[in-house]
S.K.: 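I have a structure here, written as structure tokens, and I will follow up with some questions on it.
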2 protein chains.
Amino acid sequence: MTIPGRRQAVRLPREQRVAEIMRAARAVFVEKGYEEALLSDIAERADVVEGSIYRYFENKRDLLVKVIEDWYEAMLSDYDQQLSGIRGTRNRLRYMVWRHLETVHEEPALCHLMFQIIRSGADYSATAVHELNRKYTHRTLDIVREGIDAGELRGDIPLRLVRDMMYGCVEHRTWAYLRGEGDFDSNHVADAIVDLVLGGLAKAPANQPRDQTIALRLEQAVARLERLDAESAPAVRSSSPSKKRRYLPGRV
Amino acid sequence: MTIPGRRQAVRLPREQRVAEIMRAARAVFVEKGYEEALLSDIAERADVVEGSIYRYFENKRDLLVKVIEDWYEAMLSDYDQQLSGIRGTRNRLRYMVWRHLETVHEEPALCHLMFQIIRSGADYSATAVHELNRKYTHRTLDIVREGIDAGELRGDIPLRLVRDMMYGCVEHRTWAYLRGEGDFDSNHVADAIVDLVLGGLAKAPANQPRDQTIALRLEQAVARLERLDAESAPAVRSSSPSKKRRYLPGRV
DNA sequence: GTCGTTGATGAATGATATTTATCAATGACG
DNA sequence: CGTCATTGATAAATATCATTCATCAACGAC
């Protein structure tokens, strides 16, 4: 006999319930950020009771980690898919950066969670996200290596430094964007970054002027970027921050 | 008449009490990280009662922000102090990077808090830390600008990109370090970064080989770095993470 | 048809940040 | 000198959530 007032328990197979909860969690996390997201919100949206979540996830953080992992994995496999159809060191490198920037535009909240919560956690190194990330940056290094082998790039620069610079730069921009300090154009930024890196890396025969196409592209990109910088430069400090789009949920 | 059992209230002038609390807070935050640091811990160490903290600080987060601000301000003023005694674009640029890296070594926990809690907060832009940081990176751009004016550096690169690359790279290394993924040598890394940036930036007369000294320094730095990379490369995944030094307090 | 296994529940529990109601020293002012 | 507003400080109450617990019911194998 069902106790009156006791909610009708809908039984689902494990996988399906896990999927439901993760879908709900992702929505709530995106909407409210980590701290503001309540397990009760998530439970409600997943149409379960709070306690049920603990049958499938260790704790709130674990839930987030799983959500991010899921997203990240799908994303990276798509990266590979696309990349397989792109030829040429420059194009491939550019695609990596461009796609990264696009992702920030498409999923700012998830990116923010990824940076703030996942990647700065003490257990990050043990996370699948870490492994995925490693794989991803390896992909980038592979491209550079191919370029070196093909004789297109200088071989005397530590690969790690190149990678750190590229993604470091990307992330600086990303943070500024996530903070609502100004938008960016993925195409322009990607061009500028790749151009600068290649400009420093490109094998320049000692007594020859730099590759014409590179020099040209560089000029154009730089001109565009300077304009962009001028626009997005904060005219007056603390003018009207409310007008800026923000993607950081939470504290007001 | 004093109610028996009621603690003897030591009255201090505002400034002094604030200083006490901040000293205590800094210690506890450093020791335990943000979430694990309890207001009761801080109160105890500051020899006040929890509620008293709220007389001087909005909330826990505000307390941390003030602590970081304090530290950051002192640090930057010292930067300026030192920098005033250094001549030459390369040396000055190198000092900025080097000092940044050294700071990470000296105060890993505060750096971590700065990155994770402060800089990713929704209110970061309104923070004094943001302003300080802006001032700091401006200093860097000034140096580059001086170099351009002096004819030492190419003038056709967007300054922001240069800055983002330098600090982006620094931060990538920093995070890896904070996560316990391997140490770094501030001197080597600073050399490598500055060399790479200048290698891409340095005005290379079209039909002349690159500046000899730069080329030489580059080679040396690269050699050192390759060695370093080889050493700090994770031999076997998930070998014994317990052996690595970690500077992330918190969750076990 | 019984019984172990697993999905699911609703109500505790616990840990902490934050508030509130009070209290006492201090010092300015009549 | 006293009174009284101001400010430093307190102890206890509150509120908010994450997490755990004691039960319960459907399902399926045997």
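Quick caveat: nothing in here was measured; it's all calculated off a predicted structure. The sequence lines fix the lettering, A, B, ..., with proteins before strands; numbering per chain opens at 1.
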S.K.: Could you tell me the separation between the CD atom of A:Glu44 and the P atom of D:dC17, rounded to a whole number of Å?
M.R.: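 So the two atoms are 14 Å apart, to the nearest Å.
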S.K.: Rounded to the Å, how far apart are B:Tyr54 OH and D:dG8 P?
M.R.: 18 Å
S.K.: Measure from CD1 on A:Ile117 to C1' on D:dA18 and round the result to the nearest Å.
M.R.: 15 Å
S.K.: Can B:Asp164 and B:Arg160 be counted as an ion pair, charged N to O under 4.0 angstrom?
M.R.: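 The answer is yes: the pair qualifies as a salt bridge.
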S.K.: Of the nucleotides C:dT18, D:dA18, D:dT10, which has the atom closest to the A:Leu38 side chain?
M.R.: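 From the listed options, D:dA18 comes nearest.
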S.K.: Using OP1 and OP2 only, check whether a side-chain N or O of A:Tyr56 sits under 4.0 Å from C:dA8.
M.R.: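 True: A:Tyr56 side-chain N/O within range (under 4.0 Å) of C:dA8 OP1/OP2.
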S.K.: Round to the nearest Å and state the distance from B:Ile53 atom CD1 to C:dT16 atom P.
M.R.: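 So the CD1-P distance, B:Ile53 to C:dT16, works out to 14 Å.
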S.K.: Between A:Arg61 and B:Glu35, is the closest basic N to carboxylate O distance under 4.0 Å?
M.R.: no
S.K.: Choose from C:dG10, C:dA8, C:dT18 the nucleotide whose nearest atom is closest to any side-chain atom of B:Lys60.
M.R.: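 Nearest nucleotide to the side chain: C:dT18.
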S.K.: Could you pick out which residue, B:Ser40 or B:Arg11, lies toward the 5' side of DNA chain C when each is mapped onto its nearest nucleotide?
M.R.: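 The residue mapped nearer the 5' terminus is B:Ser40.
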S.K.: Is a donor-acceptor contact shorter than 3.5 angstrom present between the side chain of A:Arg55 and the base of C:dA8?
M.R.: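 For A:Arg55, whose side chain was compared with the base of C:dA8, there is a donor-acceptor pair (under 3.5 Å).
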S.K.: Reckon A:Phe57 touches a base, only the sugar-phosphate, or nothing at all at heavy-atom distances under 4.0 Å?
M.R.: nothing
S.K.: With B:Lys60 as the cation and B:Tyr34 as the aromatic partner, state whether NZ or CZ is under 6.0 Å from the six-membered ring centre and within 45° of the axis.
M.R.: yes
S.K.: Side-chain N or O of B:Arg17 versus OP1/OP2 of D:dG8: is the shortest distance under 4.0 Å?
M.R.: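 Checking D:dG8 against B:Arg17, no side-chain N or O comes under 4.0 Å of OP1 or OP2.
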S.K.: In whole angstrom, give the distance that lies between atom CD of A:Glu58 and atom P of D:dT20.
M.R.: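 After rounding, the reported distance stands at 9 Å.
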S.K.: One thing to verify: whether A:Glu20 and A:Arg17 come together as a salt bridge, which I'm taking to mean a side-chain N less than 4.0 angstrom from a carboxylate O.
M.R.: no
S.K.: A:Arg14 side chain: which of C:dT9, D:dC17, C:dG7 is closest?
M.R.: C:dG7
S.K.: Take the protein atom CG of A:Asn59 and the nucleotide atom P of C:dA15, then report the distance between them rounded to whole Å.
M.R.: 16 Å
S.K.: What does B:Ala37 touch in the nucleic acid at a heavy-atom separation under 4.0 angstrom: a base, only the sugar-phosphate, or nothing?
M.R.: sugar-phosphate
S.K.: Please report, rounded to the nearest Å, how far the C1' atom of C:dA24 is from the CG atom of B:Leu12.
M.R.: 15 Å
S.K.: Just the rounded figure in Å: distance from C1' of C:dA11 to CG of A:Leu39.
M.R.: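 The answer, rounded to whole Å, is 16 Å.
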S.K.: Between B:Arg26 and B:Glu107, is there a salt bridge with N-O shorter than 4.0 Å?
M.R.: yes
